[in-house]
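Single-structure report; data block below.
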Amino acid sequence: MDISVIKADKVTIDGGIVLGAESAPITTVEFLNLACPYCRKWFYRSDQLLTQAVKAGRVRRIIKLLNKDKDDLQLGNLAHTYLPFDQPETAVNAIRFLYTHQPTWRPDLAPNELDLYLKQNLKLTPQNNQAVLAAIEHEAQTANIQFVPTIILGQHIFDESIDLTELEQLISQ
């Protein structure tokens, strides 16, 4: 990932799934797609650390689900429309479930089957979040964010390959 083209100053704290207090000294903004295996890797590796930091009041975590044109990510785009952005705990629990089961639903389900899967397994229905998703896409374009996952923590920009020790140092500052 070429981070030199990303304009971190164009990334906002508006929109997305927001976890943690506004008063937290550190904010992370994570651009993810639910069908992306690299996003899954990032989420698995960082979730416990970031969840603890949010609970401790050190981090405000903003997850921005980014729709992508890539064929392999289309089911992720569809899944994004089911997450209740205004209910962050419910949304994050759904993200955890979907990343846990991604190896099953991603290769095996058609869009109409994903609809049933989300309704049966997570009791989710389509949400009125198209405007938020469109704003996230526009923001990503403005900031020149082309790949998922892209994580912004202050002036630090990275992807799923960050070492957890380095991440822990960044959120402990």
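Below, all heavy atoms of this structure are taken into account, side chains as well, without hydrogens, waters or symmetry copies. In this text, all values refer to a predicted model and were calculated from it rather than measured experimentally.
- Looking at heavy atoms from C-beta onward, W105 lies out of side-chain contact with N121 at the 4.5 angstrom threshold.
- Here CD1 of I17 is found 10.0 Å from CZ of R61. Values are rounded to the nearest 0.5 Å.
- Other residues, nucleotides and ligands contribute over 12 non-hydrogen atoms within 6.0 Å of the NZ atom of K119.
- Hydrophobic cluster membership differs between Y38 and L65, with clusters built from Ile, Leu, Val, Met, Phe, Trp and Tyr side chains linked at under 4.5 angstrom.
- When atom types are taken as modelled, the side chain of R106 and the backbone of L75 share no donor-acceptor pair closer than 3.5 angstrom.
- Residues K10 and I145 fail the side-chain proximity criterion, which asks for heavy atoms closer than 4.5 Å.
- When the side chains of ILVMFWY residues are joined at heavy-atom separations under 4.5 Å, either directly or via intervening members, L116 and L98 end up in two distinct hydrophobic clusters.
- The backbone N or O of L153 sits nowhere less than 3.5 Å from a side-chain atom of Q155 that would complete a donor-acceptor pair.
- Between I136 and Q141 there is no side-chain heavy-atom pair separated by less than 4.5 Å.
- Summarising the geometry, atom CG belonging to L19 is positioned 7.5 Å from atom OG1 belonging to T51; distances are rounded to the nearest 0.5 Å.
- Residues T90 and L83 are not in side-chain contact: their nearest non-hydrogen atoms beyond the backbone lie 4.5 Å or more apart.
- With a 4.5 Å cut-off on side-chain heavy atoms, I62 and E30 do not count as touching.
- Shortest non-hydrogen contact noted between Q146 and K68 is O-NZ, 2.5 Å.
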Intermediate values then yes/no, side chain to side chain contact (heavy atoms under 4.5 Å, CB included), V92 and R96: CA-CA 6 Å; V92 169; R96 286 184 184 111; 3.3 Å; yes

Assess the residue pair E113 and Y117 against the criterion (side chain to side chain contact (heavy atoms under 4.5 Å, CB included)); give the C-alpha distance rounded to whole Å, side-chain angles, the decisive distance to 0.1 Å, and a yes or no. CA-CA 6 Å; E113 294 170 322; Y117 182 84; over 6 Å; no

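- Heavy atoms of other residues, nucleotides or ligands lying less than 6.0 angstrom from CG of D163 number more than 12.
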Evaluate side chain to side chain contact (heavy atoms under 4.5 Å, CB included) for Y44 paired with T100, printing each intermediate quantity in order. CA-CA 9 Å; Y44 264 130; T100 297; 3.1 Å; yes

Report the C-alpha separation of N93 and F97 in whole Å, then their side-chain angles, then the decisive distance to 0.1 Å, and conclude whether the side chain to side chain contact (heavy atoms under 4.5 Å, CB included) test is met. CA-CA 6 Å; N93 285 333; F97 179 90; over 6 Å; no

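- Residues S172 and I26 approach most closely at N-CD1, 4.4 Å, considering heavy atoms.
- Atoms CG and NE2, from D108 and H101 in turn, are 13.5 Å apart once rounded to the nearest 0.5 Å.
- Ion pairing between a basic and an acidic side chain is recognised when a charged N comes within 4.0 Å of a carboxylate O; K41 and D159 show no such pairing.
- Of all non-hydrogen atoms in G57 and P25, the two that sit nearest each other are O-CD, 3.4 Å.
- Side-chain contact annotation: N33 with N77, donor-acceptor N/O pair under 3.5 Å present.
- Looking at R60, its side chain never comes within 3.5 Å of a backbone N or O of T27 through a donor-acceptor pair.
- Here the side chains of K64 and L32 are not in contact, with every heavy-atom distance at 4.5 Å or above.
- Annotation: the span from L66 atom CG to F31 atom CZ amounts to 7.0 Å, rounded to 0.5 Å.
- With 3.5 Å as the limit, one finds a donor-acceptor pair spanning the side chains of E139 and T12.
- For A79 against L114, the heavy-atom pair with the smallest separation is N-CD2, 4.1 Å.
- To the nearest 0.5 Å, atom CD1 of residue I95 and atom CD of residue Q102 are 12.0 Å apart.
- Other residues, nucleotides and ligands place no more than 12 heavy atoms under 6.0 Å from the NE2 atom of H138.
- With hydrogens and angles disregarded, a donor-acceptor distance shorter than 3.5 Å links the side chain of H80 to the backbone of G76.
- Between Q120 and K123, the closest heavy-atom pair is O-NZ, 3.0 Å.
- Between W42 and F158, a ring centre-to-centre spacing shorter than 6.0 Å is recorded.
- The 12-atom threshold is not exceeded at CG of N128, counting heavy atoms of other residues, nucleotides or ligands nearer than 6.0 Å.
- For Q74 (side chain) and D69 (main-chain N/O), a donor-acceptor pair under 3.5 Å exists by modelled atom type.
- Note that CD1 of I162 is 11.5 Å distant from CD of E168, once rounded to the nearest 0.5 Å.
- By the 4.5 Å heavy-atom criterion applied to side chains, I152 and T28 are not counted as neighbours.
- The two residues S46 and L167 come nearest to each other via the heavy atoms CB-CD2, 3.9 Å.
- Remark: the backbone N or O of C36 is not paired with any side-chain donor or acceptor of D72 at under 3.5 angstrom.
- Hydrophobic cluster membership is shared by F43 and L49, with clusters built from Ile, Leu, Val, Met, Phe, Trp and Tyr side chains linked at under 4.5 angstrom.
- Residues L50 and Q52 are not in side-chain contact: their nearest non-hydrogen atoms beyond the backbone lie 4.5 Å or more apart.
- The same ILVMFWY cluster, assembled from side-chain heavy atoms under 4.5 Å apart, contains both V11 and I13.
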